[in-house]
Amino acid sequence: MSELKVLNSYTRQKEVFTPITPGHVGMYVCGPTVSGESHLGHARPYITFDVVYRYLTHLGYKVRYVRNITDAGHFEEEGREAEDKIAKKAVLEKLEPMELVQKYTNLFHWAMLQFNNVEPSIEPTATGHIVEQIEMIKKIIEDGYAYEVNGSVYFDVKKYAEHYPYGKLSGRVMDEQLETTRELEGQDEKRNKQDFALWKAAPPQHIMRWVSPWGEGFPGWHIECSAMSTKYLGTEFDIHGGGMDLQFPHHESEIAQSTICNKHVPARYWMHNNMITVNGKKMGKSYNNQIKLTEMFAGTHPLLEQAYSPMTIRFSILQTHYRSTLDFSNEALKAAEKGLKRLWEGYEHLKKLEYRTQNTGDSIEETTGSDKELDEKVNRLLSEMDDFMNDDLNTAKVLANLYEVLPVINSMRDKLIAITAISGTTFARLQQYFKAYIEDILGLKGETANEDGKLNGVLELLIDIRRDARGRKDFATSDKIRNQLQQLGILLKDEKDGRVSYSFD
RNA sequence: GGUCCUGUGGCCGAGCGGCUAGGCAGAGCUCUGCAAAAGCUCCUACACCAGUUCAAAUCUGGUCGGGACCUCCA
């Protein structure tokens, strides 16, 4: 089998993944700022890295997955006024800052659950790690790479760049930075424009504030991730993930901070997912084109022609490679919805199929399968899925192969192909791979509502009545039952073997 | 302005030098009381121009689109 390779943003190379400690992986992913509701764009990294986590686990690694919650309110400059996002919103919504943080954290967790994302091993909050952040800042000052001005502390990027490759991750050069960084208000405290804040003195009206050696204030934009990743994963860990838009300045700054404190670039492999776009434009704050996840699930946003389920969204994200942009459209989502339904139903059929040999004496392992060619094809398609995942997590190709096997499964179920066309071993492998990939790795799940015993009982009764009607060739009655159920979103299907199955929209 | 990415069939999207990805939509057929589902078959594209090569969607140069980052951002 091939070995796992990932595109490392730090080196711009596809590299074989080798963890620092054999058998163990430390992974840090930048989590949400809980000053507002998550939108579709936010779904991408958490689903992408959920698959990374699931796949590493599938490969047998013990993974510690750390994803932070940013609840300390990053310093933000909107127009001319410097404000704290969380504090500002709290005033508007008449909520305590922590009340607001709790509300959006809960909502975020709910959305993650809808997407069937595995919970991280540790989900540290910025407010819970003020001490660690202060300690780290102190260390950077001691080393001479940060300076204090009026109760604020700034990282000395210029000095750092003289000794370390600042800009390596994001591919920019210091000289250019000097030229292109535009004028901003409140920059006068900094020695150089590209310096960034480690600690900001809190103005009197600022609600979120903590005591520090430099006076009351709050942590800077990037220090929380450095502090928390170091605390839970060590001074050097395996994977650091996040959206491409975080590459600069966020991750670049993280690297600088951690390099001074820990004498290491924090992570060996940096992975960045690409953006979700709307009409070709990035979905984001600046463009005012976000569709909130609650709106996606409910279909309430003006851009939406209908509601899209969490699995539909997950599936459509996985149909695109994580490093490509994914353009939002109703057409694409509808296609994903239908495609997923077909795949899932095929998978359900596969689970119910049983391998039986003609002469019961043969053990399944010994049967060879009557169609050698088909047997080989199925095996090839399955094996390729491992190679695709190992090639920088190409979930799109994995799905393509699942679809190529699907007609074989459906034909077996409809008895167009005998199950014994493939060997018992191959059949077992087929079931095992579908389960592993669909559920364990891609993290898809069934969404069929109403798995309620009573409803099923009622349906069985209706099917029974309809069967009698059909027996009498009373098609008016039989069609009435089927048509009216269809209007309720319940679809009856007359199967080839005389059974009647049903599915919910 | 600087740095980088990108342009694929009706739509979405893989692809990274030879071998028609896949999904959705559309057409035909099979099965069926009729549907639906499923199966089979068809629809063979790579912005444009020039080059490298036996061979290019894939490499190089240019032209024209689109986008990201440089500022909070997933």
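- Residue A:Asn410 places at least one side-chain N or O closer than 4.0 Å to OP1 or OP2 of B:G39.
- Which of B:A21, B:G33, B:A25 sits closest to the side chain of A:Arg466 comes down to B:G33.
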Can A:Tyr437 and A:Tyr347 be said to form a ring pair (Phe, Tyr, Trp, His ring centres under 6.0 Å), step by step?
CA-CA 11 Å; A:Tyr437 272 92; A:Tyr347 172 52; over 10 Å; no
Scan nucleotides 9-16 of chain B nucleotide by nucleotide, 5' to 3', and note B when protein non-hydrogen atoms come under 4.0 Å of the base, S if they reach only the sugar-phosphate, - if neither.
--SSSSS-
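- B:A21 atom P lies 14 Å from atom CG of A:Leu381, rounded to whole Å.
- With hydrogens and angles left out, the side-chain atoms of A:Ser309 and A:Glu337 include no donor and acceptor closer than 3.5 Å.
- The interatomic distance linking A:Lys341 (NZ) with B:G23 (P) rounds to 17 Å, in whole Å.
- A straight line from NE2 of A:His349 to P of B:A38 spans 9 Å, rounded to a whole angstrom.
- With the nearest nucleotide of RNA chain B identified for both A:Gly242 and A:Leu399, A:Leu399 has the one nearer the 5' end.
- In this structure, A:Phe237 and A:Tyr28 have tilted ring planes: the angle between them lies in the 30° to 60° band.
- Between the side chain of A:Arg44 and the base of B:A74, no donor-acceptor pair under 3.5 Å is found.
- Nucleic acid contact for A:His272: none, since no nucleic acid atom lies under 4.0 Å from a heavy atom of the residue.
- By the 30° and 60° cut-offs, the orientation of the rings of A:His39 relative to A:His42 is tilted.
- Residue A:Ser411 is in sugar-phosphate contact alone, with no base atom involved, counting any heavy-atom pair closer than 4.0 Å across all strands shown.
- RNA chain B lies under 4.0 Å from no heavy atom of any residue of residues 309-316 of chain A.
- Within a 6.0 Å sphere centred on CD of A:Glu373, other residues, nucleotides and ligands contribute 12 heavy atoms or fewer.
- In this pair, A:Phe108 and A:Tyr46 present their aromatic rings perpendicular. The plane angle is above 60°, beyond the 30 to 60° band.
- Here A:Glu404 lies in heavy-atom contact (under 4.0 Å) with sugar-phosphate atoms only.
- Across all strands shown, B:A21 has no partner, as no Watson-Crick or G-U wobble contact with both distances under 3.5 Å is found.
- Pairing partner, B:C43: none, since no Watson-Crick or wobble contact has both distances short of 3.5 Å.
- Within 6.0 Å of the CD atom in A:Glu119, the count of heavy atoms belonging to other residues, nucleotides or ligands does not exceed 12.
- Judged by distance alone, with hydrogens and angles left aside, A:Arg172 brings no side-chain donor or acceptor close enough to the base of B:C4 to form a pair under 3.5 Å.
- The aromatic rings of A:Tyr166 and A:Tyr160 stand perpendicular to each other, their planes meeting at an angle above 60°, with 30° marking the opposite boundary.
- For the pair A:Lys281 and B:G67, the criterion of a side-chain N or O lying under 4.0 Å from OP1 or OP2 is met.
- Across the P atoms, B:C40 and B:G33 are found 22 Å apart, a figure rounded to whole Å.
- Remark: ring of A:Tyr46 does not overlap the six-membered base ring of B:A74 in a stacked fashion, as centroids less than 5.5 Å apart with planes less than 30° apart are not both met.
- Both distances falling under 3.5 Å, in either a Watson-Crick or a G-U wobble arrangement, place B:C48 opposite B:G62.
- As rounded to whole Å, 15 Å separates atom P of B:U71 from atom NZ of A:Lys285.
- Side-chain atoms of A:His240 and A:Glu254, non-hydrogen and from C-beta on, do get closer than 4.5 Å to each other.
- Following rounding to the nearest Å, A:His39 (NE2) and B:A74 (C1') show an atom-to-atom distance of 7 Å.
- Between A:Arg342 and B:G23 there is a side-chain polar atom (N or O) within less than 4.0 angstrom of OP1 or OP2.
- Among the nucleotides B:A74, B:A35, B:A38, the one closest to any side-chain atom of A:Asp414 is B:A38.
- Classified by interplanar angle (parallel below 30°, tilted 30° to 60°, perpendicular above 60°), the ring pair A:His250/A:His222 is tilted.
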Could you walk me through whether A:Phe49 and A:Met271 pass the side chain to side chain contact (heavy atoms under 4.5 Å, CB included) check?
CA-CA 9 Å; A:Phe49 290 101; A:Met271 295 173 72; 3.8 Å; yes
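- Following rounding to the nearest Å, A:Met275 (CE) and B:C73 (C1') show an atom-to-atom distance of 8 Å.
- Only at 4.0 angstrom or more do the heavy atoms of residues 108-119 of chain A sit from any atom of RNA chain B, so none qualifies.
- For B:U3, the paired nucleotide is B:A68, the pair qualifying as Watson-Crick or G-U wobble because both relevant distances are below 3.5 Å.
- The residue A:Ile417 sits apart from the nucleic acid: no heavy atom pair falls under 4.0 Å.
- With RNA chain B read from its 5' end, the first of the two nearest nucleotides for A:Ser170 and A:Ala43 is the one closest to A:Ser170.
- Judged by Watson-Crick or G-U wobble contacts below 3.5 Å, the nucleotide B:A14 has no partner.
- Going from atom CG of A:Leu318 over to atom P of B:A21 covers 22 Å, rounded to whole Å.
- Within 6.0 Å of the NZ atom in A:Lys351, the count of heavy atoms belonging to other residues, nucleotides or ligands exceeds 12.
- Residue contacts for A:Lys338: at a heavy-atom cut-off of 4.0 Å it reaches the sugar-phosphate backbone alone, with no base atom in range.
- Pair assignment for B:A38: B:U30, on the basis of Watson-Crick or G-U wobble contacts that are both within less than 3.5 Å.
- The P atoms of B:G1 and B:U63 are separated by 13 Å, rounded to the nearest whole Å.
- Residue contacts for A:Phe475: at a heavy-atom cut-off of 4.0 Å it reaches a base atom on one of the strands shown.
- Side-chain contact annotation: A:Asp474 with A:Thr477, donor-acceptor N/O pair under 3.5 Å present.
- Contact annotation: A:Lys282 side-chain N/O to B:C69 OP1/OP2 distance is under 4.0 Å.
- For the pair A:Asn401 CG and B:G23 C1', the interatomic distance rounds to 13 Å; values are reported in whole Å.
- Across all strands, A:Gly280 comes closer than 4.0 Å only to sugar-phosphate atoms, never to a base (heavy-atom distances).
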Stepwise salt bridge (Lys or Arg N to Asp or Glu O under 4.0 Å) test for A:Arg482 and A:Asp494
CA-CA 10 Å; A:Arg482 190 177 60 197; A:Asp494 296 316; 3.7 Å; yes
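- Set against B:C40, B:A74, B:G33, the side chain of A:Arg482 has B:G33 as its closest nucleotide.
- Geometrically, A:Arg172 engages A:Phe248 in a cation-pi contact defined by less than 6.0 Å to the ring centre and at most 45° from the axis.
- Among the nucleotides B:A36, B:C69, B:G39, the one closest to the side chain of A:Leu491 is B:A36.
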